[in-house]
Number of protein chains: 2
Amino acid sequence: MKVSDGSAVCPSRLILEHMTSRWGVLVFAALLEGTYRFSELRREIGGVSEKMLAQTLQTLERDGFVHREAHPVIPPHVDYSLTELGREAASRVWALAGWAEEHVPQVLAARTGYDAARADAS
Amino acid sequence: MKVSDGSAVCPSRLILEHMTSRWGVLVFAALLEGTYRFSELRREIGGVSEKMLAQTLQTLERDGFVHREAHPVIPPHVDYSLTELGREAASRVWALAGWAEEHVPQVLAARTGYDAARADAS
DNA sequence: CGGTATCCAACACGATACTG
DNA sequence: CAGTATCGTGTTGGATACCG
């Protein structure tokens with residue numbers, strides 16, 4: 001079976017990229033717990049810049065994963081939550097992240113072995 | 001719940017990044033079907049450069065997902081396959097990719113709606 | 001408060017050439 | 001065949017400053 005055709009990147013790859021992007025995973029994780037405002041999300045997710053959070057949220061909103069509700073008040077108040085599609089996506093991504101976390105020890109052990117073998121060879 | 005601590009990137013994030021990387025996903029997909037040689041993989045996965053394939057394979061091998069077996073013959077012959085851990089990882093990643101592919105229509109529809117709404121606002 | 005615009009450094013990636 | 005080395009470029013991502 002040919003896995004990729006090499007010409008155009010398939011759409012699913014882009015979606016997967018959005019879902020598993022550096023901040024996308026963390027946004028999903030946060031929003032699985034409930035609705036958050038922009039700055040609450042920033043606080044919840046440590047180390048994310050305004051730019052990247054805005055960009056990530058826009059991408060996920062455009063893909064139909066995140067619902068954005070702007071209340072027309074001063075000062076502005078914007079709530080972010082997951083759509084039904086987003087909840088499904090988030091739970092799957094988060095499950096994969098959970099699997100990765102569970103197997104950190106095995107991976108770390110494998111790396112140690114790999115590095116040791118290379119050190120001998122040099 | 002604090003999703004990320006903002007200081008050091010957690011190890012699981014790196015592992016997840018390796019598993020879902022552009023070529024990592026396709027390598028997993030190919031190796032789920034059996035053992036391949038380096039250039040067979042290159043052919044199977046369209047559009048990957050030698051450099052990126054080598055790099056991806058090394059990363060996945062170091063993480064303990066891919067087994068590399070070099071036969072000491074001339075010309076060189078190297079076989080790549082999945083380890084047990086790799087099979088588990090690959091099947092989960094591939095399942096996620098499958099989910100993404102199934103929902104391409106919904107995402108595309110969401111994007112159309114999003115773009116239309118933004119066009120009106122401008 | 002919730003963003004956008006701009007600038008800049010780092011790096012991912014690909015093409016090419018070369019090696020054991 | 002199976003890579004490594006080197007180089008050039010395009011994109012990513014953060015810091016900063018500013019706007020409605």
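Convention: sequence-line order gives letters A, B, ...; per-chain numbering from 1.
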d(A:Arg13 CZ, B:Leu26 CG) to nearest 0.5 Å is 6.5 Å
- Query: Charged N to carboxylate O below 4.0 Å: is that the case for A:Glu84 and A:Arg87?
  - Reply: yes
- Would you please classify the geometry between the B:Phe28 ring and the B:Phe65 ring as parallel, tilted or perpendicular, with 30° and 60° separating the classes? perpendicular
Of B:Asp79 and A:Ser49, the one whose closest nucleotide on DNA chain D sits nearer the 5' end is B:Asp79
Taken to the nearest whole Å, CG/B:Leu41 to P/D:dC1 is 14 Å
Taken to the nearest whole Å, CH2/A:Trp23 to C1'/D:dT12 is 13 Å
May I ask you to decide if the ring planes of A:His71 and A:His77 are parallel, tilted or perpendicular, using 30° and 60° as cut-offs? perpendicular
Check: Does the distance from a Lys or Arg side-chain N to an Asp or Glu carboxylate O, for A:Arg37 and A:Asp79, drop under 4.0 Å?
Finding: no
**Message:** Quick one, A:Ser21 with A:Glu17, criterion side-chain contact (heavy atoms from CB on, under 4.5 Å). Give me CA distance, side-chain angles, the key distance, then yes/no.
**Reply:** CA-CA 6 Å; A:Ser21 70; A:Glu17 216 151 81; over 6 Å; no
Nearest heavy-atom approach of A:Val93 to A:Met19 is CG2-CE, 3.4 Å
The reported gap from CD in A:Gln55 to CG in A:Leu53 (rounded to nearest 0.5 angstrom) is 10.5 Å
To the nearest angstrom, the CE-C1' distance between B:Met52 and D:dT9 comes to 15 Å
Considering every strand and a 4.0 Å limit on heavy-atom distances, what is the contact class for A:Gln58: base, sugar-phosphate, or nothing? sugar-phosphate
Note: A:Leu82 and A:Ala90 closest approach over all heavy atoms is CD1-CB, 3.8 Å
Separation of D:dT4 atom P from B:Phe38 atom CZ, nearest Å, is 8 Å
Heavy-atom nearest nucleotide on DNA chain C taken for A:His77 and for A:Lys51; more 5' hit belongs to A:His77
First and last nt of DNA chain C near chain B, cut-off under 4.0 Å to heavy atoms, 5' to 3', are C:dC13 to C:dG20
Separation of D:dA2 atom P from B:Leu53 atom CG, nearest Å, is 10 Å
The correct set of residues in residues 65-75 of chain B placing a heavy atom under 4.0 Å from DNA chain D is B:Arg68, B:Pro75
A:Glu50 CD to D:dG14 P, in whole Å, measures 12 Å
Rounded to whole Å, CG of B:Leu57 lies from P of D:dC1 at a distance of 17 Å
